[in-house]
Each structure stands twice: as C-alpha cells, then as structure tokens.
**Q** 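Have a look at this one.
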Amino acid sequence: MRPISPDEMRAVDANCAYFGLAPLQLMENAGAALAKEVRKRAQGRKIAVVAGRGNNGGDGLVAARHLAEFDVAVFLIGRSREIATEEARWNWEILARLGFDLREVRDSTDLEALSNYDLILDAVFGTGVKGAVRGLEADAIDAINASNKPVVSVDVPSGIGTDRSVDPAVTVTFHRLKEGIPGEVVVAGIGIPHQAEFFAGPGDLGLVVGRAAESHKGQNGRVLVIGGGPYTGAPALSAMAAFRAGADLVTVAAPENVSGAIAGYSPNLIVRPLSDDHLSPDDLDLIRGLLPHHDVVVVGMGLGRHPATREALAKIIPECERVVLDADALLPGIPLKGIITPHESEFRRVSSIKLPPGRVQRETLMTFARDMKITVLLKGEVDLITDGDVIRGNATGNPGMTVGGTGDVLAGITGAFYSRASPLRAAVAAAFVNGTAGDLACQEKGYSLLATDVIENIPAAMNF
Ligand SMILES: NC(=O)C1=CN([C@@H]2O[C@H](COP(=O)(O)OP(=O)(O)OC[C@H]3O[C@@H](n4cnc5c(N)ncnc54)[C@H](O)[C@@H]3O)[C@@H](O)[C@H]2O)[C@H](O)CC1
Ligand SMILES: [K+]
C-alpha cells in the first residue's frame with residue numbers, strides 16, 4: 001500500500017475527530033500499541049521515554065503508563081508548562097499525579113543520564129516537525145543517536161525530513177506506512193477504521209483550503225462559468241457558489257438574452273454575453289479569449305440542448321485545462337474531461353452504464369473514471385467520488401437538497417476548489433462543503449430550503 005503523506009494523515013486525524021473519534025482516544029491506542037512493541041523488544045528493565053511537547057511526546061507519555069511494570073523514566077524536552085497540546089498535557093498530569101519518574105530537560109547535561117537505560121523510546125517529534133531543528137530538541141536527537149542503546153521511534157524517527165534526525169533500530173508507525181522511514185518499520189493500528197478514510201470530512205476541506213493546501217496566498221482561482229439559456233438562475237447559482245467557496249474572480253459567459261438577468265443576481269459577477277440565445281460555434285472566439293484569464297471552467301448549467309450548443313461544447317471542452325462538466329454538458333457526443341458531476345441518470349446518459357447496486361457500483365465507477373481519465377462526482381444519498389485510483393464517499397446533505405439548483409451550487413464550489421487542488425481533492429471537499437451548507441440551511445429553513453440558502457451557508461460550512 002502507498003505510504004500516507006503528513007498532510008493526508010492530518011486530514012484523516014481531523015476527519016476522525018469529526019466522526020467523534022477523539023484525539024485522546026487515538027493517542028491512548030497509539031501509546032498502547034507502542035508499549036506492546038517495546039515489551040517484545042525490551043532486553044533490560046530500564047526504559048527512557050524522550051518526549052517532545054507535541055502529540056508525538058503525548059504518545060510516549062501514554063506508553064510510559066502502559067509500561068509501568070518496567071523502570072520507566074520520562075525525559076520531557078523543556079518545561080511541562082510548555083506542553084503544546086491538551087492531550088499531551090492530560091497524559092503528563094496523570095503520570096505526575098501517580099508519581100512516575102518525570103524529568104524536565106533544561107540543558108544537554110540532563111540528557112547524559114540516557115546512557116543508564118536499556119532502551120530509548122524516541123518521541124521528540126512526529127509528523128508535526130517543521131524547518132530546522134535547533135536547541136534542546138537538537139541536543140536530544142544527538143544524545144539519542146550517541147547513546148548506543150536500542151532506539152524505538154514513535155510514529156517516525158524524530159526530525160525526519162529536517163537537517164537532523166534520529167537513527168532508530170525500529171519505528172512503530174501509526175495507522176499507515178509513512179514516507180521515507182529508514183530501517184525496520186512496524187505499522188500499528190490505532191483504531192482508525194477504513195470507513196474514516198472513505199467518508200469526506202473537514203480534513204478533506206483542509207487539504208484544499210487549509211495550511212496544507214496546494215495553493216499560495218492570493219491565488220484563489222479565477223472561474224469561468226459557461227451556462228444559461230433556457231434557465232437563467234443555474235449559472236448565477238454556480239457563480240455565486242464559486243465566490244462563496246473562495247474564488248477571487250468569477251466570469252459568466254451566458255446567452256445574450258439572459259446575460260442582463262444574470263448580471264442582476266449580483267454586482268460581483270462579470271457577465272460576457274454570447275452572440276445568440278444559446279451557445280454556438282459563433283462564440284468560440286469569445287470563449288477562447290476568456291480561457292487564458294481563468295483557471296477553471298464550469299460548464300453546462302442551464303445551457304439547453306441545441307445542436308449548435310453541443311457542437312460548440314465539443315470544441316471548447318478539449319481546450320480547457322481544468323473543467324467541471326455538469327447538466328447539459330453531460331450529453332452523448334460531448335467529450336468528457338476534468339471533473340464530471342452527474343446524478344445517476346446523467347451518468348447513465350454519458351456512460352451507457354446502468355450502475356449496479358451495492359459494492360460492485362464502486363468498482364464500476366472506478367473503472368469508468370480510470371478508462372476515461374476523469375474524476376467522477378456521482379451525486380446521490382451518499383455521493384461517490386473517484387479518479388479511478390481512489391474512491392471516496394460523502395454523506396453530508398439531506399433530502400431537502402432535491403430542490404432545484406443545488407447541483408449548480410455543487411458545480412460552482414467544485415470549480416473554485418479545483419483551481420487550488422487535484423480533481424479528486426477538489427471534488428471530495430466540494431461534496432462535503434455543499435452537503436454541510438445544505439445541512440446548515442436545513443437547520444434554519446427545514447426542507448423548504450432553497451439553493452440560495454445553501455450558498456449563504458457555504459462560509460459557515462467552510463469553517464467546519
Ligand atoms: N492519527 C495519528 O496518527 C495520531 C498521531 N498522533 C501523534 O501525533 C503526532 C503529531 O503530533 P503534533 O503535535 O502535530 O506534532 P509533533 O509532536 O510531531 O511536534 C510538534 C511540536 O514540535 C514543535 N516543533 C515543530 N518543529 C519544530 C522544530 N523544528 N524545532 C522545535 N520545535 C518544533 C511544534 O511547535 C509542536 O509543539 C504524530 O506523529 C503521532 O505521533 C496522536 O497522538 C494519535 C493520533
Ligand atoms: K518520533
């Protein structure tokens with residue numbers, strides 16, 4: 001199985017907390033798993049736990065409690081009042097109350113005692129380490145390496161990926177294999193079920209808009225919406241949703257007869273009228289002129305099914321670098337690319353596949369996405385999202401969202417996120433935000449909610 005990256009692991013942690021699996025529970029399981037591995041390897045009675053002030057240190061503190069049958073001492077790097085997380089502090093307090101051998105390391109001479117132990121548990125840093133390692137932490141890593149004792153690293157060798165790291169005999173890593181760990185590695189389960197990696201949560205949003213996002217400040221995306229014709233509201237809903245999901249600029253290219261109405265939805269929208277009352281090949285020059293000024297194109301909402309519109313789409317879509325296809329862009333003869341956001345009958349329309357029930361459905365969807373080299377966001381009671389390699393689900397949302405326009409909102413959010421993230425990450429986060437905004441709208445309005453209520457709740461859903 002592919003190793004998990006630190007930002008993906010943080011996303012899994014955040015989703016676990018969202019599903020109610022608290023960080024303290026995971027820390028307890030991590031510490032217990034560590035103790036089990038240490039017990040297998042301990043050759044003497046004396047164990048030193050070298051703990052940093054983050055959650056990696058916290059795992060070490062839990063292990064110390066589980067290893068109480070040994071002579072165990074904890075070397076905390078720094079002062080206990082500087083412990084950075086609630087969970088680590090909680091575990092420190094337990095050990096303190098129970099009279100465990102706790103030492104606060106204030107300078108490198110305090111680390112000399114490590115040579116008196118038979119085994120060292122390295123819990124200085126885990127996946128939260130950043131930048132260069134200096135000061136006491138650097139001294140601790142050096143002292144552990146100089147000890148010539150068997151070292152068991154907690155989750156990852158402390159300092160991995162920085163200028164200085166522990167060289168352990170074995171690493172007990174949690175939940176899944178992490179990238180680049182040298183030496184023997186044991187993967188230990190800490191009670192995270194596969195379902196917690198399947199269902200979308202706020203961690204997935206963090207991968208798109210949080211500190212681990214694949215974007216830089218000020219690059220929140222320029223979205224071009226191509227839609228409207230028989231329906232004026234649809235492209236306006238997509239455009240407003242893209243704005244609320246963080247797009248910096250949104251342009252709507254819409255048929256000339258409805259462009260005024262669309263501009264009327266909001267002064268924030270830039271509207272470029274098409275040449276006629278439907279998209280046609282006559283508009284290709286206008287669209288080609290707009291493409292270089294936008295990062296993502298969201299197309300299909302309310303466009304109608306005029307043959308000239310299909311002909312134009314067949315030319316435009318292959319020229320879009322990143323594109324989200326919805327509604328009337330999901331028709332036979334129009335090429336598939338980027339992210340498609342069909343419901344079941346639209347999916348059948350473009351794929352000629354009637355999705356089977358149950359688990360086979362997921363396989364079928366993955367194969368289709370893989371073969372077509374696209375990402376599919378299949379809307380349903382549980383949305384399914386796949387790029388052919390990974391499949392995810394989203395259970396946010398409610399029956400009130402069958403009201404018209406919520407699909408347009410989802411397409412707009414997807415477009416905004418796609419400017420900053422991979423198609424899979426963008427689609428997963430968009431499904432989560434759209435459903436959460438719908439759930440918040442439902443709390444206010446019950447099942448008489450409207451698509452515009454969902455849009456108004458996007459900012460709150462993005463704060464989850
Ligand atoms: N689901 C899980 O896998 C669980 C993992 N747990 C453990 O938590 C750590 C990650 O914890 P976190 O608090 O995010 O970070 P660290 O403990 O690795 O360290 C952060 C700590 O260190 C400071 N810091 C960061 N870089 C430096 C530096 N260069 N110099 C000095 N100080 C630095 C930072 O400010 C923080 O205070 C994971 O690896 C697991 O071991 C959970 O316990 C269980 C669930
Ligand atoms: K460690």
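Just so it is clear, the model here is predicted, and its values are computed rather than measured. For ligands, and for the atoms within them, numbers begin at 1 and follow the listed sequence.
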**Q** Counting only heavy atoms closer than 4.0 Å, does ligand 1 sit against the backbone of I190, its side chain, both, or neither?
**A**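 Under 4.0 Å from ligand 1, I190 contributes side-chain atoms alone.
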**Q** Identify whether the distance between the nearest side-chain nitrogen and carboxylate oxygen of D389 and R2 falls below 4.0 Å.
**A** no
**Q** Can you sort out the partners of S266 under side chain to side chain donor-acceptor pair (under 3.5 Å), two or more places apart, ordered by chain and number?
**A**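 For S266, the residues satisfying side chain to side chain donor-acceptor pair (under 3.5 Å) (neighbours in sequence not counted) are N268.
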**Q** Can a salt bridge be assigned to the pair R176 and E8 using a cut-off of 4.0 Å between side-chain N and carboxylate O?
**A** no
**Q** Mark up the atoms of ligand 1 that fall under 4.0 Å of a heavy atom belonging to G126, in ascending order.
**A**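 Going through ligand 1 atom by atom, the ones under 4.0 Å from G126 are 16 (P), 17 (O), 18 (O), 39 (O).
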**Q** How about A123: does one of its N, O or S atoms come closer than 3.4 Å to the K ion (ligand 2)?
**A**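 For A123, the answer is no, given that no N, O or S atom comes within less than 3.4 Å of the K ion (ligand 2).
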**Q** Confirm or rule out an N/O/S atom of S158, from backbone or side chain, lying less than 3.4 Å from the K ion (ligand 2).
**A** yes
**Q** Contact between A132 and ligand 1, counting heavy atoms under 4.0 Å?
**A** yes
**Q** Looking only at heavy atoms, is any part of D13 under 4.0 Å from ligand 1, and if so is it the side chain, the backbone, or both, or is it neither?
**A**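 For D13, only side-chain atoms sit under 4.0 Å from ligand 1.
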**Q** Kindly confirm whether the K ion (ligand 2) is within less than 3.4 Å of some N/O/S atom in F125?
**A** yes
**Q** Contact between H175 and ligand 1, counting heavy atoms under 4.0 Å?
**A** no
**Q** What is the O(V156)-the K ion (ligand 2)-OD1(N56) angle, to the nearest 10 degrees?
**A**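 Value, to the nearest 10 degrees: 140°.
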**Q** Tell me which part of D59 gets within contact of ligand 1: side chain, backbone, both or neither, using heavy atoms under 4.0 Å.
**A** side chain
**Q** Look only at interatomic distance and state if T127 has a nitrogen or oxygen under 3.5 Å from any nitrogen or oxygen of ligand 1.
**A** yes
**Q** So, 3.4 Å as the limit: is an N/O/S atom of V166 located closer than that to the K ion (ligand 2)?
**A**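 No, outside the cut-off.
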**Q** Between M9 and ligand 1, which residue portion shows a heavy-atom distance shorter than 4.0 Å: side chain, backbone, both, or neither?
**A** side chain
**Q** Assess D122: does it contribute an N, O or S atom lying under 3.4 Å from the K ion (ligand 2)?
**A** yes
**Q** Salt-bridge test for R164 and E137: reply yes if a basic N is under 4.0 Å from a carboxylate O, no otherwise.
**A** no
